[in-house]
Amino acid sequence: MAGLLATITVSHYLAVGAFFFVTGVLCMATKRNALGVLMGIELVLNGANLNFIAFGSQYLREETLGLDGQLIALFVIILAAAEAAVALAIALSFYNAHSTIDVDQGDELKG
Amino acid sequence: MAEFFAQYMPAWGAYLLTALISVALLLAVVGLGALFFIWAERKVAGRIQDRLGPTRTGGKFGWLQSLADGIKLITKEDLAPADADRLLFRLAPYVSLAPSYAALLALPFADGWVGWEINTSVFFLLAILGLEVFGVILAGYASGSKWSLFGGMRQAAQVVSYEVPLGMCGVIPVFLCGTMSLTTIGNMQAGWATNWLIFHDPFTFMVFWVYFTCAVASVNRAPFDLAEAESELVAGFHTEYSGLRWSFFFMAEYNSMFVVSGLAAVLFFGGWNGPVPIFASWKAAGGGWEIVADLAGCLNFIGKAVLGVMVMIWVRWTLPRLRIDQVITTCLKYCVPLAAFCFVGALAWQLASLPSPNDWLSPDPAGRAAVREPWVERAEDGAERSGTSGAEELARLAEDKR
Amino acid sequence: MATANREQIIELDVRTDELLVNMGPQHPSTHGVLRLVLKTDGEIVTHVEPHIGYLHRCAEKIGENLTPRQWIPYTDRMDYLAAMNMNLGWSLCVEKLLGYELPEKARHIRVIIAELGRIASHLVGMGTYGLDLGTFSPFLYAFREREKILDLFEEVCGARLTNSYITPGGVTGDLPAGWLEKCEAFLDQFVPVITEYHTLLTTNAIFIQRTAGIGVISREMAIDYGCTGPVLRGSGVDHDLRRDGEERYTEMYDGYAFEVIVEKDGHYPRDHDYPPVPPEAVLGDCWHRFYVRMLEVMQAIDIVREGIEFYRASSGDWGHPIKLNTKLPKGEVYLETECPRGQMGFYLVSDGSAIPWRVRARSSCFCNLSVTEELCRGCLLADVAAIVGSLDIVMGEIDR
Amino acid sequence: MLAAIDLHGFLFVLFALTACVFAAGVLFSSNIVRMAFNLVLSLGSSAGLFFLAGAEFVGAMQLMIYVGGTLVLLVFGVMLTAQHRFLEMRTNAGEWVLSLLVGGALLMVLLQAAFSVSQWNTPYAQRDQVEIDESKSATPIAAALTGVRVDKLEETNPRLRAGKSGYLMPFVIVSMHLLVVLVGAAYLARPRMAVRQMRRGG
């Protein structure tokens, strides 16, 4: 265990990011609740963020993305917030129109 | 400490033990703080209302009253309603307490006396205080009671709204000082009271009151205590709680009050720098004298924060409660525009180099301007070295900031 | 001034389910055991249904098994915040049946005591109203002063809350020596305290925001629903039984100069001493009801002062209670008096024995409460507490 | 002895484990409120990972915007639509098997990719010597947003040196985007139903 702990590298961060990504994708695929799908998207974005941060971290590598990694992560966070607002609005609108938030039932093309 | 334990056990155990001890110590601080504030609230409320408050427990002044209350709460049955979502219901108080406790981590008590020296501590504090709402929302949802649900919904709407002006108010001192580090901001206000940021210009003076209003709202105190409005929602989000879990909500509330007051003290009232620089020379002397000066500064800071809490208590026992629409209106119609106006005003004041009281009282610029973040100094060095255009730009920026 | 009866469209952004909430019978702001069944849409209340009867004690039926003097303690427990006024109403009703003429001194004692009871009752109403709006301190300030009145009552009759002091035939005892001076001393120190109340509540910006324009009872509506007391006068109806009532009751106040507290041309009598009506307030809203109560306290103080003078000037007997087993003449009587919460009526039918054949009480709070359903439709959850509080109900009187 | 275990590694494992466990919790819980709760803890733990990697501003941002803002909004949405038939929406077993298979395969591929690049999985020897005031402070980030790169003072490319490597343009674009999104969201969730309310308290 100690050996593992001593050698945290970018790859470890990437592994966590990958786990986030896969969980998020599975959430998007399996959840029937629209808000559950939204949470899946958040997880995916967070996984990507983790990768950017890892590549930008000066603790982990000699040559890094520098501030770029952090800035891109920042932009992702901001966009995720915006996306969540829109998605929530869509979900509520969907709920108003269909009286359900089960995305499986939203297969008709009218509001 | 970890090194000490490492002699007797494996390294990971030593770390874990060390962490546990530190956590226990800080929790004790939170607990004792809550004990004191609850006692103080009862005493102050009593005095305000022509009563004595607790008088018996622990001899004089009833100073052991909160301890007695705590013992009673611990021995109380821990009930969960049949309709409750058991897991979330049990977890919610901890979710509420944890962020408010974590906020203490980045709050400096004196120059360098901080649990975790983080460069973005203002932002971190505001962010982590915003998380406290989750406990309340979860409690509201998980209780399986309609009153609790009302409380949770109100809290969600209120806190999300008030985070906006609160952040705007917090950002003004950040811009004036050019740093997000609370330690640096505190050090920049050394010297006489005129160097405090609240007296920097009329806008900062104004924005403090906006900050205080929003802080009261964000820690869910009267007249903004809609989530627990006892005359409307019985007890709001903690209607169904009893015993120790109930008291966790209160520990979180009192601790948050202390943190927002402490934040106000650092951002606007010079933190550990008193109205009169008594200990400045001691501080400069270094060694043991410096520790004494820091200790005095720490007491100074705690005094200011406690004063802020006392004002909140005073307000709570004086004013009626606002209605939910009025709370949101207060935020969106008054606090946000005022904060934005003060934000622009304070920056313009700084940009136009208009005078602040400190200029004519103590023209010695040893205060704010001398304190700089390390990267600025290095950037200035770099600018001298290379003379590239980017560095010039930066040097100009650093110059402006000064 | 905002107009009453304005239509407002509340837009709902999300279709939410109706939430059925039980407010009470164990709820902090329903003043006892009132149960309001609320249908809410989020924070907006769409329907309110008051349920009463949780405090029913068959007081009227008991009255048909006791002699009128024995029933006096039961009237105490109707409006337990204004027990003296309840005693008075019943006593006057019985005296009306008996045709009993009251000695001068007893009349003034009754006026003093009844008006002190009115002050005590309004103090509770004011304090608990602050509590409904979420401020605790005025409640204790009000109770502090009320305690002093209760001390005075205790000295007079030995009881603080359920006094049973005024009885058919007069009162149970003369005012003790030195009592009048104590009463005057109390009034002297009490007048400046009222200014405190105005600072803390009446003129407080948040208080005005919470009450002005909320729960507006129009003049017609107040009359239609049979509202009485401060609720009626708060809607601008100039009606006070102390002036407009039956002769048997109004003659009690003969010689007393007082003006009915009602708004005329945007002004209240004696409001020059106090903060003017705020521009947000609409006649008939919670603020006006509250203000009427506050001014009635001042009015009652003046009446008590007058009463003390009259009492000092009067001579003769203080009026003795009738015998317990006094035979009642055959017949029926009904008499309404102006209690702090409105017009309290007592109805008595006698078959000639010492025990009434039929006893009924007309509750003022019951009528006042009936407005709730219409008043709370479409208001916010927090307004329900504000509106019900402003009606100042006592469940003991409604349920009897 | 303590050199065998460093704080960074210990905390990394701690945060990574909590983050992953709660992320799995989001996936496997069927109750929407519990999902939200798990997501909060998961994203909070990943903020811890950000702090650990030295990105303190981004970590605080994550806490403030993501956890404090977005998720409160989400929970709000959950509560608005929280009726019992929506609270628990189960996915049928066939979908589970299929998705877990696909997900497992995807995870394998990603992990393989993550650990296969030697530059990525070699530990950084000089980590203890790193002093990163620049990235820890918010000021360089703010400077980068206005077009000045503090960390690239030695940049030789004249075009990049002239402020082109900053983030002024994306920053403005994102701001406009946010504005548009807010307006759009408000439009989407606009009132569809109006209740005529008679006599508001009057």
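Just so we're on the same page: letters track the sequence lines, and every chain starts at 1.
- The contact between A/L71 and chain D is made entirely by side chain atoms (from C-beta outward), counting heavy-atom distances below 4.5 Å.
- Using a 4.5 Å cut-off between heavy atoms, D/I65 touches chain A through its side chain atoms alone.
- One distance of note links CE of A/M39 with SG of A/C27; it measures 8.5 Å at 0.5 Å rounding.
- Counting heavy atoms of neighbouring residues, nucleotides and ligands inside a 6.0 Å radius, atom CZ of A/F75 exceeds 12 of them.
- With a 4.5 angstrom heavy-atom cutoff, A/A54 does not touch chain D via any of its atoms.
- Interface remark: A/F55 contributes side-chain atoms only to the contact with chain D (heavy atom separation under 4.5 Å).
- Partners of A/T30 by side chain to side chain donor-acceptor pair (under 3.5 Å), not counting sequence neighbours: none found.
- With a 4.5 angstrom heavy-atom cutoff, A/L26 touches chain D via backbone and side-chain atoms both.
- Looking at A/F19, the atoms closer than 4.5 Å to chain D (heavy atoms on both sides) sit in the backbone and in the side chain alike.
- Side-chain atoms of A/N46 never come within 3.5 Å of backbone atoms of A/E42 as a donor-acceptor pair (strictly under, hydrogens ignored).
- For D/A113, no part lies under 4.5 angstrom from a heavy atom of chain A.
- Under the 30°/60° scheme for interplanar angles, the aromatic rings of A/Y13 and D/F12 are found to be tilted.
- Between the D/S175 side chain and the D/F171 main chain, a donor and an acceptor come within less than 3.5 Å of each other.
- Contacts of D/L49 with chain A are made by both backbone and side-chain atoms, with heavy-atom separations under 4.5 Å.
- Both the backbone and the side chain of A/N49 come within less than 4.5 Å of a heavy atom of chain D.
- For chain A, the nearby part of D/S29 is the backbone; its heavy atoms alone come within less than 4.5 Å.
- For D/V26, the parts lying near chain A are the backbone and the side chain together; criterion is any non-hydrogen pair under 4.5 Å.
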